[in-house]
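This one's a predicted model, so the numbers in the text were calculated from it and none came from an experiment. As a basis for the values below, the full set of heavy atoms in this structure was taken, side chains included, without hydrogen atoms, waters or symmetry mates.
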Amino acid sequence: MFMDNVPLTTILAYFIYPLGTAILVCCIALFLTFTRFLAIGQALLGISLGGLWIASTPLAANWLSSFLESQFPPIPVHELPQKDAVIVLGGGALGQPLPPRVAADLGGAADRVIHAMRIYRAGKASVIVVSAGNLPSCCAKESEAQLIADFLTELGVPSSAIVLEKESRTTRENAVNTAILFEE
């Protein structure tokens, strides 16, 4: 079936996003409007639509991104310590090359792939570990890890310096599966 192998945490996450939360609250609000709690239902409907509108504005998105990213300021590549490997997580870095595209689609997280390449080129790590599988709900021909590896190769990283972990579907699985790779 379509969602058989999708982790429950992935499904529940959609209800935490602003759109999922607004839809859920709107459904509750509509239900309440047909009961003796009409005023509460209308108030919830207004709050959910107002909250969705606020969360959808660039001002709110930029403020939240800035707030979260400021807690972990970037470190220039030349200041990074020497390590054995750099780990790149998938999760939207590159998307499947859906027709009419013939190459992977750069996603919003593609900058992490480019940063890993910069770390490698600076000689701060001799290996790039790519940990990225695919959700079963995706129409994937190749794992995201393979798409990232192909892109890194196009950027000049030798394939011998790339180690793939293709089975993970969540960040937790990225960590567990990558730890197993390092133990081996």
Side-chain angles (χ1 to χ4, degrees), residues 2-3 5-24 51-77 80 85-122 124-125 127-157 159 161-178:
F2 180 68
M3 299 293 274
N5 295 323
V6 178
L8 181 60
T9 54
T10 301
I11 295 168
L12 293 177
Y14 287 108
F15 292 103
I16 296 171
Y17 295 145
L19 180 60
T21 302
I23 291 172
L24 186 62
L52 180 60
W53 178 76
I54 289 170
S56 299
T57 62
L59 182 65
N62 291 339
W63 173 83
L64 183 59
S65 293
S66 176
F67 172 74
L68 292 172
E69 289 180 3
S70 69
Q71 296 178 25
F72 304 97
I75 300 170
V77 172
L80 292 172
V86 59
I87 300 171
V88 178
L89 304 180
L94 272 74
Q96 295 294 319
L98 300 176
R101 292 186 174 108
V102 294
D105 187 30
L106 297 181
D111 57 341
R112 66 179 76 164
V113 178
I114 294 168
H115 194 62
M117 180 265 313
R118 288 181 182 134
I119 293 169
Y120 174 81
R121 280 194 182 161
K124 298 293 183 171
V127 174
I128 298 176
V129 177
V130 181
S131 181
N134 286 323
L135 291 176
S137 60
C138 180
C139 50
K141 293 182 181 177
E142 292 187 78
S143 70
E144 187 179 6
Q146 187 62 57
L147 294 173
I148 292 171
D150 293 344
F151 184 57
L152 284 168
T153 303
E154 284 182 42
L155 294 174
V157 177
S159 57
I162 303 170
V163 176
L164 301 182
E165 183 286 301
K166 301 178 180 183
E167 302 302 318
S168 56
R169 300 167 299 164
T170 65
T171 305
R172 178 174 172 18
E173 288 179 8
N174 288 140
V176 170
N177 295 350
T178 302

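- Ile128 and Ala116 make their closest contact through CD1-O, 3.8 Å (heavy atoms, listed as atom of the first residue, atom of the second, distance).
- Remark: the backbone N or O of Asn62 is not paired with any side-chain donor or acceptor of Ser66 at under 3.5 angstrom.
- Scanning both residues, Ser131 and Ser168, for their nearest heavy atoms gives OG-OG, 3.5 Å.
- Results of the side chain to side chain contact (heavy atoms under 4.5 Å, CB included) test with Glu173 over Val176, Thr171, Thr170 single out Thr170 as the only residue that passes.
- Of the inter-residue distances, the one linking Leu24 atom CG with Leu19 atom CG reads 11.0 Å to the nearest 0.5 angstrom.
- Annotation for Gly90 and Ile148: closest pair CA-CD1, 4.1 Å, computed over non-hydrogen atoms.
- Atom CG of Asp105 is separated from atom CG of Leu147 by 10.0 Å, given to the nearest 0.5 angstrom.
- In the model, Glu165 has a side-chain atom that pairs as donor or acceptor with a side-chain atom of Asn177 under 3.5 Å.
- Contact record, Ala145 with Lys166: CB-CG, 4.0 Å, taken as the closest heavy-atom pair.
- Put simply, the side chain of Thr21 never gets that close to the backbone of Pro18: no donor and acceptor are under 3.5 Å apart.
- Pairing each heavy atom of Ala132 with each of Ser143, the nearest pair is O-CB, 4.0 Å.
- Around atom CD1 of Ile75, no more than 12 heavy atoms belonging to other residues, nucleotides or ligands sit under 6.0 Å away.
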(request) For side-chain contact (heavy atoms from CB on, under 4.5 Å), just list the numbers for Leu106 and Leu94, CA-CA rounded to whole Å, side-chain angles, deciding distance to a tenth of an Å, and then say yes or no. (result) CA-CA 5 Å; Leu106 297 181; Leu94 272 74; 4.1 Å; yes

(request) Tell me, with the steps shown, if Phe151 and Leu155 meet side-chain contact (heavy atoms from CB on, under 4.5 Å). (result) CA-CA 6 Å; Phe151 184 57; Leu155 294 174; 3.6 Å; yes

(message) One pair to check against side-chain contact (heavy atoms from CB on, under 4.5 Å): Arg112 and Leu89. What are the steps and the verdict?
(response) CA-CA 8 Å; Arg112 66 179 76 164; Leu89 304 180; 3.9 Å; yes

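- Inter-residue side-chain proximity for Leu152 and Val130 is flagged as met; some heavy-atom pair is nearer than 4.5 Å.
- Without hydrogens or angle criteria, Glu142 side chain to Gln96 main chain gives no donor-acceptor distance under 3.5 Å.
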(message) Determine whether Val77 and His115 satisfy the following criterion, side-chain contact (heavy atoms from CB on, under 4.5 Å), listing intermediate values before the conclusion.
(response) CA-CA 9 Å; Val77 172; His115 194 62; 3.6 Å; yes

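- Of all non-hydrogen atoms in Leu164 and Ile162, the two that sit nearest each other are CD2-CG2, 3.8 Å.
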